[in-house]
Every structure is written in C-alpha cells, then in structure tokens.
Amino acid sequence: MASVWTQVETAFLSLAPEEREAIISRGTALRLSDLRKRLFLAESKVRHFEEKYQTTLAQVEASGLPDDADYEAHEDYIMWRHWAAVADKIKQDMVALKEIAQHGLYLGESVHAG
C-alpha cells in the first residue's frame, strides 16, 4: 500500500502543468503571507524584551544575566531566546519561499508573493 505522501504526489503530478504551477504559486503566496504575520508577532515579542531590559539579546548573551537577576528575568530570557529563534527560522523559510516565487511559476504572469 502506497503511503499517503506518495498518493498525494502521484495525484499532484497527474495534474496539467498549469494546474501544478497555479497550486505552487498560490500556495507560496499564501504561505508567505502567513509567515509575514508570524514574523511580525515574533519580532514584536523580541522588541518587547529589548524595551523592557533596554538592551539586545546579543548583549545579554555576551555579558550574561546579572548575578542578582530574579526569576522573572530568567523566564524572560528563555522566552526572549525562543522568539528570536522563531524569527530567525521564519526569515529562513521566507527566503526559500521567495526563491520559489521569483521563478514566476505562472507563465506570462509575475507572482507578487514577497
């Protein structure tokens, strides 16, 4: 029995080329839109911590948390690192998707997904 992924791939490849191109182009545009929203959230969280502590994560990581840092500061540091990592991952994903979008998969049309 073929895996679900193989079945989906077979069905996708059975579509006409223009249908496959439309699906990829529109899917890329939708995914980029979703990623932009998630990036806005992640960067907002990072900015919140930068404003709260009047420093950047890079500076905190270079100097470490103060010896008298309380529980909240430690918890904030963990969340700050999390949101910074999320933002970095989203940016990487967006670069990959923008590369797909730049190929202009619609014949004769440009894809404005990024």
Side-chain angles (χ1 to χ4, degrees):
M1 183 168 156
S3 73
V4 172
W5 178 250
T6 303
Q7 292 172 3
V8 169
E9 185 176 18
T10 300
F12 179 75
L13 292 173
S14 72
L15 295 171
E18 60 273 3
E19 284 300 312
R20 293 192 310 259
E21 292 165 359
I23 290 168
I24 292 170
S25 294
R26 290 185 179 135
T28 299
L30 289 171
R31 184 66 178 143
L32 279 169
S33 176
D34 180 55
L35 288 173
R36 278 190 208 95
K37 292 173 192 171
R38 293 184 65 217
L39 181 60
F40 178 80
L41 172 66
E43 288 179 337
S44 295
K45 298 288 187 176
V46 170
R47 274 192 307 278
H48 164 76
F49 291 118
E50 288 174 346
E51 291 169 5
K52 181 175 181 177
Y53 293 99
Q54 296 295 302
T55 189
T56 65
L57 180 60
Q59 291 169 330
V60 171
E61 291 186 332
S63 62
L65 288 173
D67 291 337
D68 63 348
D70 61 6
Y71 178 81
E72 180 182 7
H74 285 272
E75 289 294 310
D76 284 351
Y77 172 71
I78 291 167
M79 292 307 299
W80 197 349
R81 286 203 52 183
H82 165 76
W83 285 112
V86 167
D88 289 343
K89 174 71 169 98
I90 292 169
K91 288 174 188 175
Q92 291 173 1
D93 292 348
M94 289 176 73
V95 167
L97 286 173
K98 285 179 181 181
E99 187 174 319
I100 292 169
Q102 287 175 352
H103 290 292
L105 293 171
Y106 275 108
L107 299 175
E109 295 181 28
S110 62
V111 178
H112 297 288

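In what follows, residues are counted from 1 in the order of the sequence shown.
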Roughly how far, to the nearest 0.5 Å, is [atom2] of [Y] from [atom1] of [X]?
| X | Y | atom1 | atom2 | answer |
| --- | --- | --- | --- | --- |
| Leu35 | Lys89 | CG | NZ | 9.0 Å |
| Leu65 | Tyr53 | CG | OH | 8.5 Å |
| Ile78 | His74 | CD1 | NE2 | 8.5 Å |
| Asp76 | Asp70 | CG | CG | 8.5 Å |

Exercise. With the side chain counted from C-beta on, respond yes when Glu50 and Leu57 share a heavy-atom pair under 4.5 Å apart, and no when they do not.
Key: no
Self-check item: Side chain to side chain, Lys91 and Val95, heavy atoms closer than 4.5 Å
Solution: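 When only atoms from C-beta onward are counted, Val95 and Lys91 do not touch, as no gap falls below 4.5 Å.
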Please list, chain by chain and in numerical order, all residues satisfying side chain to side chain contact (heavy atoms under 4.5 Å, CB included) with [X], sequence neighbours excluded.
| X | value |
| --- | --- |
| Ser44 | Phe40, Arg47 |
| Glu9 | Trp5, Leu13 |
| Thr10 | Thr6 |

Please give me the minimum heavy-atom distance between [X] and [Y], naming the atom from each residue.
| X | Y | result |
| --- | --- | --- |
| Val86 | Ala42 | CG1-CB, 4.0 Å |
| Leu97 | Thr28 | O-CG2, 3.5 Å |
| Trp80 | Thr56 | CZ2-C, 3.6 Å |
| Ala69 | Ala73 | CB-CB, 4.0 Å |

Self-check item: Fellow cluster residues of Val4, listed by chain then number, with links counted only when side-chain atoms sit under 4.5 Å apart
Solution: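 ILVMFWY cluster around Val4 also holds Val8.
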Exercise. Any pair with a residue in residues 53-65 that passes salt bridge (Lys or Arg N to Asp or Glu O under 4.0 Å), sequence neighbours left out, goes on the list, sorted by first then second residue, please.
Key: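 For residues 53-65, and leaving out neighbouring residues, the salt bridge (Lys or Arg N to Asp or Glu O under 4.0 Å) pairs sorted by first residue read Glu61-Arg81.
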Quiz item: What pairs with Asp88 under side chain to side chain donor-acceptor pair (under 3.5 Å), at least two apart in sequence or on another chain?
Solution: none
Quiz item: Is it true that Asp34 and Arg31 make a salt bridge, defined as a side-chain N closer than 4.0 Å to a carboxylate O?
Solution: yes
Quiz item: Around atom NZ of Lys52, are there more than 12 heavy atoms of other residues, nucleotides or ligands at under 6.0 Å?
Solution: yes
